[in-house]
Amino acid sequence: MSRPKPPSPTEADRLFAETRTPEDFRFDAAVARVFPDMIRRSVPGYTTIIPMIEVISERYAQPGSHCYDLGCSLGAATLAMRHGIPHPDCTLVGVDNSRDMIERCQHYIALDDHPLPVQLRCEDILHTDLRDASITTLNFTLQFVPPGERDRLLQRIARATRPGGALILSEKIRCEDEREQAAQTLLHHEFKRANGYSDLEISQKRSALEQVLIPETLAAHRRRLHDAGFDQVMLWYQCFNFVSMLAIKSA
Ligand code: GEK
């Protein structure tokens with residue numbers, strides 16, 4: 001079987017390169033166009049996490065179950081799941097509420113030749129139907145969900161998950177210790193500088209995301225996952241203040 005063809009950068013992200021009027025970040029057509037370049041250059045570890053989603057999906061997908069990628073954007077994690085899921089009778093569903101993302105995602109799914117069908121839904125993940133799941137991915141999506149809605153969403157995912165099933169949760173986190181928070185933030189900015197972003201781009205993007213991307217501590221995520229009904233929660237990846245967790249529901 002061939003490897004997944006993840007969305008590849010066709011256009012460089014220069015959205016914050018010129019001085020602009022401050023406004024909140026939105027997943028619109030301009031962002032969708034540059035998204036593969038933007039996420040690789042902005043999220044430390046993203047290019048490692050995506051292929052590991054394939055590995056984890058292979059281990060946790062169960063025959064005849066549903067597999068969800070919530071906040072799928074252009075489908076990088078969806079494609080990794082598609083190639084990892086070893087059961088042809090699984091139903092793989094990608095959900096995103098940005099029409100611009102879903103339209104482009106459709107294109108990338110069509111370019112990939114794996115036979116497992118993919119259903120794409122342009123819907124809010126807070127309202128999308130979730131059932132009989134074995135593996136669900138929230139790859140840097142929960143951080144954009146209003147904090148007051150996060151418990152309910154995680155409870156719905158846990159309830160929909162079969163015994164032995166799992167959730168992959170990747171997030172930007174906030175450190176409990178203020179000095180660590182400052183050090184990790186500096187390292188994240190160094191990462192962005194090393195990837196060609198200017199100080200103006202870094203600071204304008206930061207302001208645009210301030211009210212939209214709300215990070216929480218690792219302890220808050222662990223507590224929520226346990227309270228929602230996942231029995232085992234492990235951190236399997238961290239790069240600076242970006243992490244990925246695996247939450248498992250006991251068999
Ligand atoms: C990847 N997982 O490449 N309902 C549906 N979609 C949402 C919602 C919501 N309530 N809130 C945000 N989104 C992807 C990357 S990006 C992360 C995920 C980032 C969607 C939003 O439209 C966007 O496409 C995605 O979640 C977040 O593996 O840009 O840092």
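Just so you know, ligand 1 is whichever comes first in the structure, and atom 1 is the first atom listed for that ligand. Throughout, numbering of the chain's residues begins at 1 and tracks the sequence.
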- Query: Which class fits the ring pair Phe140 and Tyr46: parallel under 30°, tilted 30 to 60°, perpendicular over 60°?
  - Reply: tilted

- Item | For atom 27 (C) of ligand 1, the protein heavy atom that lies nearest, with its residue and separation | Phe140 O, 3.6 Å

- Arg156 side chain vs Leu126 backbone, donor-acceptor pair below 3.5 Å: yes

- Message: I'd like to check which ligand 1 atoms, numbered from 1 as shown, lie under 4.0 Å from a non-hydrogen atom of Tyr46.
- Response: 1 (C), 3 (O), 28 (O)

- Query: Judging by distance only, is a nitrogen or oxygen of Gly71 under 3.5 angstrom from one on ligand 1?
  - Reply: yes

- Query: Looking at residues at least two apart in the chain, or sitting in another chain, which of them share a salt bridge (Lys or Arg N to Asp or Glu O under 4.0 Å) with Arg33?
  - Reply: Glu11

- Message: Ile125 versus ligand 1: do any nitrogen or oxygen atoms come within less than 3.5 Å of each other?
- Response: yes

- Task: Answer yes if the ring centres of Tyr237 and Phe242 are under 6.0 angstrom apart, and no otherwise.
- Result: no

- Atoms in ligand 1 flagged as close to Ile50, the criterion being non-hydrogen separation under 4.0 Å: 28 (O)

- For atom 22 (O) of ligand 1, find the nearest protein heavy atom and state the residue, atom name and distance (0.1 Å precision). Asp96 OD1, 2.6 Å

- Counting both backbone and side chain atoms, is some N or O of Asn97 under 3.5 Å from an N or O of ligand 1? yes

- Task: Not counting sequence neighbours, list each pair that qualifies as a salt bridge (charged side-chain N to carboxylate O under 4.0 Å, His left out) and has a residue in residues 59-87.
- Result: Arg82-Asp112

- Number the atoms of ligand 1 from 1 as they appear, then name those within less than 4.0 Å of a heavy atom of Ser98, with their elements. 22 (O)

- Message: Taking CZ in Arg206 as the centre, count heavy atoms belonging to other residues, nucleotides or ligands within less than 6.0 Å. Is the count above 12?
- Response: no

- Message: Looking at ligand 1, would Val31 count as a contact under a 4.0 Å heavy-atom criterion?
- Response: no

- Looking only at non-hydrogen atoms, the one of Leu213, Leu74, Asn139 nearest atom 28 (O) of ligand 1 is Asn139

- for atom 19 (C) of ligand 1, nearest protein heavy atom and its distance come out as Phe144 CE1, 3.6 Å

- Heavy-atom contacts with Gln143 under 4.0 Å: which atoms of ligand 1 show up? List them by number with element. 30 (O)

- Item | Nearest protein heavy atom with distance in Å, relative to atom 16 (S) of ligand 1 | Ser73 OG, 3.3 Å

- Query: Is it the side chain, the backbone, both or neither of Thr137 that has a heavy atom closer than 4.0 Å to ligand 1?
  - Reply: neither

- Task: Report yes if the side chains of Phe240 and His189 come closer than 4.5 Å at any heavy-atom pair, otherwise no.
- Result: no

- Does ligand 1 have an atom under 4.0 Å from some heavy atom of Glu123? yes

- Heavy-atom gap Leu126 to ligand 1 smaller than 4.0 Å: no

- Relative to the heavy atoms of Met101, which atoms of ligand 1 are at a distance of less than 4.0 Å? 24 (O)

